[in-house]
There are 2 protein chains.
Amino acid sequence: MNALLITSAEENYLKAIFKIAEKDPGAVLTNALAAEMGTSAASATDMLKRLSDKKLVVYEKYRGVKLSEAGNRIATNLIRKHRLWEVFLVDKLGFAWDEVHDFAEQLEHIQGEQLTERLDDFIGNPRFDPHGDPIPDAQGKWLRRTQTRFLTLASGQRGIITGVDDHSPGFLQYLGELGLGLGAELELLERTAYDQSSKVRIGAHHAVLSEKVGQNLFVRIL
Amino acid sequence: MNALLITSAEENYLKAIFKIAEKDPGAVLTNALAAEMGTSAASATDMLKRLSDKKLVVYEKYRGVKLSEAGNRIATNLIRKHRLWEVFLVDKLGFAWDEVHDFAEQLEHIQGEQLTERLDDFIGNPRFDPHGDPIPDAQGKWLRRTQTRFLTLASGQRGIITGVDDHSPGFLQYLGELGLGLGAELELLERTAYDQSSKVRIGAHHAVLSEKVGQNLFVRIL
DNA sequence: AAATATTTTTAGGCTTGTCTAAAAATAAAA
DNA sequence: TTTTATTTTTAGACAAGCCTAAAAATATTT
């Protein structure tokens, strides 16, 4: 049925298309895709033709591309596997949330439905990965969740960290140093109008978060 | 230092060379390697030239090949990872010993020393995999172990299953049905001279093992 | 030792996934 | 609207891994 052979490279392109489309479905253009993949525009065009031949994307020359039903299924499953492995690496092997991306990037390509499902059970069927990103279920269904950008918090409001928009080790490590892991509670004491920096209380102590940090933090308002 | 890029295909050839050499170091010839890899002799020759260029093997045209120091290190580490993942799959995810080979075949190529070592700790630093094969340590050291072929047992002797020489799912499943897992105890009641078949007692009940089964079973004599 | 058989290597091709340079299409500016 | 700039595609190459068919080397028979 569905056993057409997909290479890791093809999977990675599908995932990149998914990622770009997530923010703006109209922005999946050759250059953006090449940038996301770290390849040349020529290579991206090349791959788009292959993916189109395999009916994994709908591709119109010069116009951009979108995932087909089948392509979307593959990309979603890839993200599912990536995030399940991340949970495993953090919860079971004790890695920090900024250390797991490269491993998960490899592990997501391991084939075998049974393995994925048993892994899911073993780690307790988590709905979110260590960065707060949702994990689609085996049918590709996403759990929608209401989270707010930290910058929308008003003075005096409290919130719980539910996710990050920047997954770079540098940002994650910095948050860790501030005591801001997933599930951490913080209170916005004051926001400086001039530079959108935020004075916050994290447990017993205070800190100042720059606008850049604020932009990349999601919270659930308490 | 040691970060020269090795592809999965190259790793697989190194592992195949190791495997053939294990039984007979002089038998690592092009045809044997091609057979082991399921490729043509021409492809094997091709790869041997590449591996030779990378100093991973010592290759003499028409004469056969052997692993270099570096090649041996890579092959050993690959086997280490393969067997550690097998233990994980059986002990933690609950797979049967005949189900894990294909998954481990993929997982062994995951790069990252830290991952391997944390996995090793997580599963309790096992010395043997689910088939009784030894797991080399992080330095590539092998634990030597005394095990005997079942066929060397004399009537009346008892033994504990310590390993198998045939890893095919068919054989492993058959053993499972007989109640002959790793660590199982059995007693040789009688061996038929004509066909080397063996009447055995396994716990409370009796069974007859063909010569073929007997050849592929290792035991520790009690 | 010469003839025959087997094994191994070479030669030439194909696909995937990449590249650079040039051409073509689209978008923006004058 | 015509020119200029940008984006995208095409053309031609290359390395990795595989193939088949033919040639060369080694091993076996007679």
Side-chain angles (χ1 to χ4, degrees), chain A residues 3-17 20-21 24-67 71 74-75 78 105-106 108-109 111, chain B residues 3-17 20-21 24-66 70-71 74-75 78 105-106 108-109 111:
Chain A
L4 76 166
L5 303 175
I6 311 287
T7 66
S8 286
E10 288 168 340
E11 287 189 328
N12 285 335
Y13 272 92
L14 292 174
K15 199 175 50 145
I17 293 167
I20 298 166
D24 179 359
V28 195
L29 304 172
T30 303
N31 269 352
L33 186 55
E36 177 67 31
M37 289 299 298
T39 60
S40 69
S43 301
T45 299
D46 224 66
M47 181 57 91
L48 287 180
K49 279 190 277 194
R50 273 197 291 271
L51 293 174
S52 187
D53 289 346
K54 292 191 176 183
K55 313 279 188 207
L56 298 173
V57 300
V58 181
Y59 168 49
E60 274 185 283
K61 274 189 184 180
Y62 296 99
R63 292 273 102 108
V65 68
K66 67 192 197 68
L67 294 175
I74 291 168
L78 209 60
E105 206 69 12
Q106 300 178 64
E108 69 189 4
H109 297 292
Q111 301 292 327
Chain B
L4 76 165
L5 302 175
I6 312 287
T7 66
S8 286
E10 289 168 341
E11 287 189 328
N12 286 335
Y13 271 92
L14 292 174
K15 200 175 51 146
I17 293 167
I20 298 166
D24 179 359
V28 195
L29 304 172
T30 303
N31 269 352
L33 186 54
E36 177 68 31
M37 289 299 297
T39 60
S40 70
S43 300
T45 299
D46 224 64
M47 180 58 90
L48 286 179
K49 278 191 276 193
R50 272 197 294 274
L51 293 175
S52 187
D53 289 346
K54 293 192 176 183
K55 311 279 189 208
L56 297 173
V57 302
V58 181
Y59 168 50
E60 272 185 285
K61 274 189 183 181
Y62 297 99
R63 290 274 103 109
V65 69
K66 67 193 197 71
I74 292 168
L78 210 59
E105 207 70 12
Q106 300 178 64
E108 70 189 3
H109 296 292
Q111 301 293 326

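Chain identifiers are assigned alphabetically (A, B, ...) following the order of the sequence lines, protein sequences preceding nucleic acid strands; residue numbering begins at 1 within each chain.
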>> Quick one, A:L33 and A:Y13 - any side-chain contact, counting heavy atoms below 4.5 Å?
In response: yes

> What string of B, S and - do you get for nucleotides 17-22 of chain C 5' to 3' if you count protein non-hydrogen atoms under 4.0 Å?
Replying inline: BBBB--

>> Could you check whether any side-chain N or O of A:T45 sits under 3.5 Å from a backbone N or O of A:A41, counting only pairs where one atom can act as donor and the other as acceptor?
In response: yes

> Between atom CG in B:L48 and atom C1' in D:dA16, what is the gap in whole Å?
Replying inline: 15 Å

> Just how far, in rounded Å, is P of C:dT15 from CD1 of A:I6?
Replying inline: 18 Å

> What's the CG-C1' distance between A:L29 and D:dT9, to the nearest Å?
Replying inline: 14 Å

> Can A:D46 and A:R50 be counted as an ion pair, charged N to O under 4.0 angstrom?
Replying inline: yes

> Do any N or O atoms from the side chain of B:E11 and from the backbone of B:L78 form a donor-acceptor pair under 3.5 angstrom?
Replying inline: no

> Do the side chain of B:E36 and the main chain of B:I17 share a donor and acceptor less than 3.5 angstrom apart?
Replying inline: no

>> Within the structure provided, determine whether A:L51 and A:E10 are in side-chain contact (heavy-atom separation under 4.5 Å).
In response: yes

> Tell me: CG of B:L33 to C1' of D:dC18, nearest whole Å?
Replying inline: 14 Å

> Which parts of residues 57-64 of chain A get close to DNA chain C, meaning a heavy atom less than 4.0 angstrom away?
Replying inline: A:Y62, A:R63

>> Could you check whether B:E105 pairs with B:K15 (Lys NZ or Arg NE/NH1/NH2 to Asp/Glu carboxylate O, under 4.0 Å)?
In response: yes

>> On the nucleotide C:dT6, are OP1 or OP2 found under 4.0 Å from the side-chain N or O atoms that B:N31 carries?
In response: no

>> Are there over 12 heavy-atom neighbours, none belonging to B:K54, within less than 6.0 Å of that residue's NZ?
In response: yes

>> Output the rounded distance in Å from CG (A:D53) to C1' (C:dT16).
In response: 13 Å

